[in-house]
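Ligands are counted one by one from 1 in listed order, and the atoms in each one are counted from 1 as well. All values below were derived from every heavy atom in this structure, side-chain atoms included, with hydrogens, water molecules and symmetry-related copies excluded.
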Amino acid sequence: MFKQSLIFSLLVLAALSCGSKENKSAPVTVEKAKPAKDGAKIFKQSCELCHGPDGKLGANGSKDLSASELDLDARIAMVTKGKGLMTPFENILSLEEIKAVAEFSMTLNATK
Ligand code: HEC
């Protein structure tokens with residue numbers, strides 16, 4: 001009785017390990033890095049809290065982005081390093097994401 005079940009479990013184990021070998025040899029699909037360029041999405045996640053959806057909220061003393069005169073480079077620097085109560089995003093977002101969200105913030109600008 002015991003012997004039989006032992007053999008049975010060995011068979012199951014053998015079958016299982018066969019299966020996993022098959023899995024290993026299956027072609028590995030490399031997922032492409034997601035294009036992290038959706039500035040609007042990043043803005044929603046990382047900036048709206050203080051700046052609001054239209055950039056005008058001004059929470060936590062944040063500046064009205066729709067009235068900002070800063071150019072793209074200055075915004076990238078701003079987002080990277082932060083200022084005052086604004087969070088530095090250099091360890092939170094990638095350079096690409098920072099660029100994308102800075103570009104998006106330009107679109108909120110009513111004066112340009
Ligand atoms: C924790 C709140 C907070 C978050 C989150 C935040 N900001 Fe700010 N932001 C501020 C504050 C406060 C200032 C004003 C800093 C100062 O000049 O003292 C500011 C200023 C700015 C300015 C400069 C505006 C100007 O004309 O001087 C830009 C551009 C900006 N933020 C963009 C962003 C972007 C883009 C994000 C998202 C990646 C973001 N901020 C997230 C609080 C925040």
Practice problem: Report the part of Phe104 (side chain from C-beta onward, or backbone N, CA, C, O) that has a heavy atom under 4.0 Å from ligand 1; answer both or neither where that applies. | Solution: neither
Quiz prompt | Sphere of radius 2.8 Å around atom 8 (Fe) of ligand 1 - protein N, O or S atoms inside | solution = His51 NE2, Met86 SD
Can you name the atoms of ligand 1, numbered from 1 with element, that are less than 4.0 Å from a heavy atom of [X]?
{"X": "Leu85", "answer": "1 (C), 12 (C)"}
{"X": "Arg75", "answer": "29 (C)"}
{"X": "Asn60", "answer": "12 (C)"}

Quiz item: Distance only, no hydrogens: is a donor on one side chain within 3.5 Å (strictly under) of an acceptor on the other, for Ser66 and Asp64?
Solution: yes
Counting C-beta onward and ignoring hydrogens, is there a side-chain heavy-atom pair between [X] and [Y] closer than 4.5 Å?
{"X": "Glu103", "Y": "Leu72", "result": "yes"}
{"X": "Val79", "Y": "Met86", "result": "yes"}
{"X": "Leu65", "Y": "Asn109", "result": "no"}

Exercise. Return the set of residues passing ring-ring contact (aromatic ring centres under 6.0 Å, His included) with Phe89 (not counting sequence neighbours), or none when no residue passes.
Key: none
Practice problem: Do me a favour and list the nearest non-hydrogen protein atom to atom 23 (C) of ligand 1 with residue, atom name and distance? | Solution: Leu70 CD1, 3.4 Å
Practice problem: Return the residue, atom name and 0.1 Å-rounded distance of the protein heavy atom closest to atom 5 (C) of ligand 1. | Solution: Ser46 O, 3.2 Å
Exercise. Heavy atoms only: give me the nearest Ile76-Lys99 pair and the separation to one decimal.
Key: CD1-CG, 3.6 Å
Quiz item: Which heavy atom in Cys50 sits nearest to a heavy atom in Ser62, and how many Å separate them?
Solution: O-OG, 2.9 Å
Exercise. Under the side-chain contact (heavy atoms from CB on, under 4.5 Å) rule, collect the residues that match up with Lys44, sequence neighbours excluded.
Key: Glu48
Self-check item: Polar proximity ligand 1 side, Ser68 side, N/O cut 3.5 Å exclusive
Solution: yes
Quiz prompt | ring pair (Phe, Tyr, Trp, His ring centres under 6.0 Å) partners of residues 41-69, not counting sequence neighbours, each pair once | solution = Phe43-Phe104
